[in-house]
S.K.: 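Below you'll find the structure I mean.
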There are 2 protein chains.
Amino acid sequence: MASIKEVAKKANVSTATVSHVINGTRFVADPTKEKVFQAMKELDYRPNMVARSLRSRKSYTIGLLVPLVADDTSNFFFMSIANGIEQVLKENGYNLILSNSNENIETEREQIEVFNTQFIDGLVIAPVNGMDANYEKDLLGDYPVVVIDRKPSEFQGDVVLVNNRKATYDAVSSLLKKGHRSIGYISGALGITTSDERLGGYKDALKEYSVPFEHRFIKEGPATFRSGYELASKLLKEGVTALFAANNVMTMGAMSFLQEQKVNIPNEIAVIGYDDYDWMKVMSPPLSVVKQPSFELGKKAVEQLLKRMEGSLEESKEVLLEAEFIERGSS
Amino acid sequence: MASIKEVAKKANVSTATVSHVINGTRFVADPTKEKVFQAMKELDYRPNMVARSLRSRKSYTIGLLVPLVADDTSNFFFMSIANGIEQVLKENGYNLILSNSNENIETEREQIEVFNTQFIDGLVIAPVNGMDANYEKDLLGDYPVVVIDRKPSEFQGDVVLVNNRKATYDAVSSLLKKGHRSIGYISGALGITTSDERLGGYKDALKEYSVPFEHRFIKEGPATFRSGYELASKLLKEGVTALFAANNVMTMGAMSFLQEQKVNIPNEIAVIGYDDYDWMKVMSPPLSVVKQPSFELGKKAVEQLLKRMEGSLEESKEVLLEAEFIERGSS
DNA sequence: GTGAAAGCGCTAACAT
DNA sequence: ATGTTAGCGCTTTCAC
């Protein structure tokens with residue numbers, strides 16, 4: 001593969017000139033430019049990004065660290081985010097290095113260290129559950145960082161989140177409006193921001209309708225299919241008339257149980273799930289859901305990151321994207 | 001960030017020695033080693049991968065190019081592959097650069113060129129529909145390549161595919177065994193290997209049961225929800241008693257139509273879909289599907305790639321992973 | 001058993 | 001308006 005030196009030689013100019021032609025970084029007379037372009041073409045020259053990175057300390061690459069659990073449907077959420085990020089990045093000539101913390105705090109540290117070694121220009125991270133923010137201090141390198149989806153306690157810096165509270169409020173309100181007073185709530189592990197926010201929305205709605213909060217209607221467990229299934233079973237025994245599942249995997253688990261028991265939805269029990277995918281429309285009845293703007297989340301995050309990479313010094317921003325309650329036949 | 005030079009100075013050795021200690025690439029006396037490790041620790045030294053890449057022409061990074069269509073459920077399939085790849089790579093100290101061709105042949109070329117500029121050590125590519133293999137000749141760099149999912153015509157090189165033909169054969173056979181003789185078939189665009197293979201399986205099964213092939217039972221269209229919906233409608237008018245949808249998006253579209261028409265599944269019409277996700281179990285009745293081993297596909301592909309990167313010269317291999325027909329209530 | 005030094009391909013400060 | 005050249009941080013050949 002041809003180097004800048006060979007191009008310079010062929011065009012009878014210095015490597016500096018070639019470099020400046022490529023990068024548009026200082027004036028070059030038109031005829032000279034022409035010669036250089038010609039030479040580049042003839043040699044099928046492509047700049048070596050690695051050398052460029054080494055010299056300029058800029059890699060045109062950003063890292064994305066997501067917490068995927070193998071075999072978990074939530075993959076879809078983060079992958080949709082990755083997709084949004086990749087799109088914006090491509091438009092701006094950047095690359096994406098994808099990495100996975102497996103929802104494991106050890107692995108997360110390791111992967112960040114790997115990134116630190118690579119000259120990434122920025123990092124988007126969806127933190128592992130329960131991570132509190134000692135990020136900045138020792139762990140992170142000297143690139144900008146945008147945290148998404150979950151906010152580690154006390155993290156100072158740019159964050160892009162989904163307004164889970166509001167959307168859950170809307171969803172639960174719609175149930176209350178229809179007269180439901182015993183609304184079961186299936187939650188993933190509490191203590192992480194996303195779970196807590198959602199439960200907050202549930203409580204807000206109850207308060208708005210002056211319905212007393214009852215502990216027995218709240219069931220918490222690991223965010224798994226199995227657990228969603230079991231908690232739905234427990235809630236039925238509590239005599240709820242409606243069910244809200246606060247994440248996608250548990251929604252599936254709960255639906256699986258209801259299906260098996262041949263519970264009539266929405267007559268015997270109304271159901272609202274979390275996250276919207278095509279197949280939600282295909283269930284019978286079509287499932288009402290809270291839809292998170294995952295693709296937009298990715299886009300927003302990387303847009304903010306790019307701003308920082310360009311040197312923006314404005315104060316740290318917390319962007320809150322609205323989620324949408326979509327009412328279908330199940331509620 | 002400390003450099004190898006500073007480490008060398010602090011340890012009173014040459015940079016060569018430090019390098020060799022790090023890489024275990026020639027003998028270093030134990031006491032010297034000790035000094036070097038000590039210095040590295042004190043300086044919190046981490047090797048600069050970019051410099052290393054430049055010098056050694058090895059980046060410990062591989063590229064993945066997938067054809068995602070925005071908003072398409074098939075994302076899930078490729079993302080699951082990405083996930084498998086990432087896992088194997090991490091175990092081997094490699095990184096993954098993720099890129100998207102958007103199922104667009106122009107973009108695919110561009111992205112490959114970007115890769116060529118980056119010192120990737122290898123590439124896994126799920127080619128855009130209809131790509132024929134002029135890959136090697138001009139486009140690809142001098143890194144090993146593994147092609148997955150679809151095989152471009154005449155491509156010579158390592159390929160990892162799914163045995164779609166066999167699985168489709170199994171699925172359609174099960175319908176025939178139950179007495180169905182008018183089996184509608186919904187296909188994505190024909191002419192790409194995955195579609196053709198699947199249709200081949202359908203035909204194989206008919207032949208096996210001596211059922212004549214009828215053109216009117218085969219409906220082809222773009223692999224979209226909308227199209228799946230419409231083709232299902234057309235097939236019902238042809239009087240089919242069973243329906244096979246040859247990809248996941250169209251499965252959703254078809255199901256949506258059947259749901260809307262309140263067609264009783266499987267009594268009025270039996271249905272088999274493509275690709276298995278949790279929510280297939282949750283539909284009523286649970287959907288019978290052909291399940292592709294997507295995660296394994298990613299793993300296998302990158303394992304083969306790693307072998308090549310280590311210099312394996314064995315003949316090009318075509319790996320065919322078995323897909324599984326899973327029978328549930330819908331058929 | 002270890003060191004000196006060239007050089008990977010590029011950018012950018014300094015010259016002219 | 002363009003050229004010279006010193007490095008970025010590392011690996012690796014050659015030398016001792």
Side-chain angles (χ1 to χ4, degrees), chain A residues 1-40 43-61 93 114 116-121 141-143, chain B residues 1-40 43-61 93 114 116-121 141-143:
Chain A
M1 177 120 288
S3 76
I4 205 173
K5 223 165 163 178
E6 303 172 53
V7 175
K9 197 158 157 194
K10 179 152 220 144
N12 270 310
V13 297
S14 71
T15 61
T17 298
V18 176
S19 173
H20 285 121
V21 168
I22 293 167
N23 300 297
T25 161
R26 85 177 176 196
F27 183 88
V28 177
D30 274 349
T32 320
K33 248 189 204 155
E34 214 33 69
K35 280 194 299 179
V36 172
F37 280 133
Q38 187 58 32
M40 294 203 309
L43 294 171
D44 190 29
Y45 170 76
R46 5 211 94 257
N48 181 321
M49 290 316 199
V50 176
R52 178 179 287 178
S53 292
L54 179 59
R55 181 59 230 237
S56 63
R57 330 231 76 197
K58 191 148 178 18
S59 64
Y60 288 95
T61 295
V114 170
N116 289 343
T117 233
Q118 302 256 345
F119 279 177
I120 56 169
D121 294 340
D142 57 351
Y143 40 78
Chain B
M1 178 119 288
S3 77
I4 205 173
K5 223 167 165 177
E6 302 172 54
V7 175
K9 198 158 158 195
K10 180 153 220 140
N12 269 311
V13 296
S14 72
T15 61
T17 298
V18 176
S19 173
H20 285 121
V21 168
I22 293 167
N23 300 298
T25 162
R26 87 176 175 197
F27 184 88
V28 177
D30 274 350
T32 320
K33 248 188 202 157
E34 214 33 70
K35 279 194 300 180
V36 172
F37 281 133
Q38 186 58 31
M40 294 203 309
L43 294 170
D44 189 29
Y45 170 76
R46 4 211 93 258
N48 181 322
M49 290 316 198
V50 176
R52 178 178 287 178
S53 292
L54 179 59
R55 182 58 232 238
S56 62
R57 329 230 79 197
K58 190 146 179 19
S59 64
Y60 288 95
T61 295
V114 170
N116 289 342
T117 234
Q118 301 256 344
F119 279 173
I120 56 168
D121 294 339
D142 58 351
Y143 40 77

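All of these numbers come straight from a predicted model, not from anything done at the bench. Chain letters run A, B, ... following the sequence lines, proteins first, then strands; residues in each count from 1.
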S.K.: What's the CZ-P distance between Arg57(A) and dC8(D), to the nearest Å?
M.R.: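 The answer, rounded to whole Å, is 9 Å.
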S.K.: Once you apply a heavy-atom cut-off of 4.0 Å, does Ala16(B) come out as touching a base, just sugar-phosphate, or nothing?
M.R.: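 It contacts base atoms.
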S.K.: Considering every strand and a 4.0 Å limit on heavy-atom distances, what is the contact class for Asp30(B): base, sugar-phosphate, or nothing?
M.R.: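 The answer is nothing, as Asp30(B) stays clear of every strand by at least 4.0 Å.
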S.K.: So what does Val50(A) touch, heavy atoms closer than 4.0 Å: a base, only the sugar-phosphate, or nothing?
M.R.: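 Touches nothing.
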S.K.: Base, sugar-phosphate, or nothing for Tyr45(B), non-hydrogen atoms under 4.0 angstrom?
M.R.: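 It contacts sugar-phosphate atoms only.
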S.K.: Quick one: Asn48(A) CG to dG9(C) C1', roughly how many Å, whole number?
M.R.: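 In whole Å, dG9(C) C1' and Asn48(A) CG are 6 Å from each other.
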S.K.: Which is more 5' along DNA chain D, the nucleotide nearest Ser3(B) or the one nearest Val13(A)? Just name the residue.
M.R.: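 Mapping each residue to its closest nucleotide by heavy atoms, the 5'-most match is Val13(A).
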S.K.: Compute the bend angle of the helix from dG1(C)-dC16(D) to dT16(C)-dA1(D) from the end axes (five pairs per end), rounded to 10°.
M.R.: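 The value is 40°.
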S.K.: What about Arg55(A): does its side chain form a donor-acceptor pair under 3.5 Å with the base of dG9(C)?
M.R.: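 Under the 3.5 Å cut-off, the side chain and the base do not form any donor-acceptor pair.
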S.K.: Distance criterion of 3.5 Å, no angle test: do you see the side chain of Arg26(B) paired donor-to-acceptor with the base of dG3(C)?
M.R.: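 Pair found.
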S.K.: Take Thr25(B) and Ala51(B), find for each the nucleotide of DNA chain D with the closest heavy atom, and name the residue whose nucleotide sits nearer the 5' end.
M.R.: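 First, find each residue's nearest nucleotide; the 5'-ward one identifies Ala51(B).
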S.K.: With a non-hydrogen cut-off below 4.0 angstrom, is Ser19(B) in contact with a base, only sugar-phosphate, or nothing?
M.R.: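 Base contact - Ser19(B) has a heavy atom under 4.0 Å of at least one base atom.
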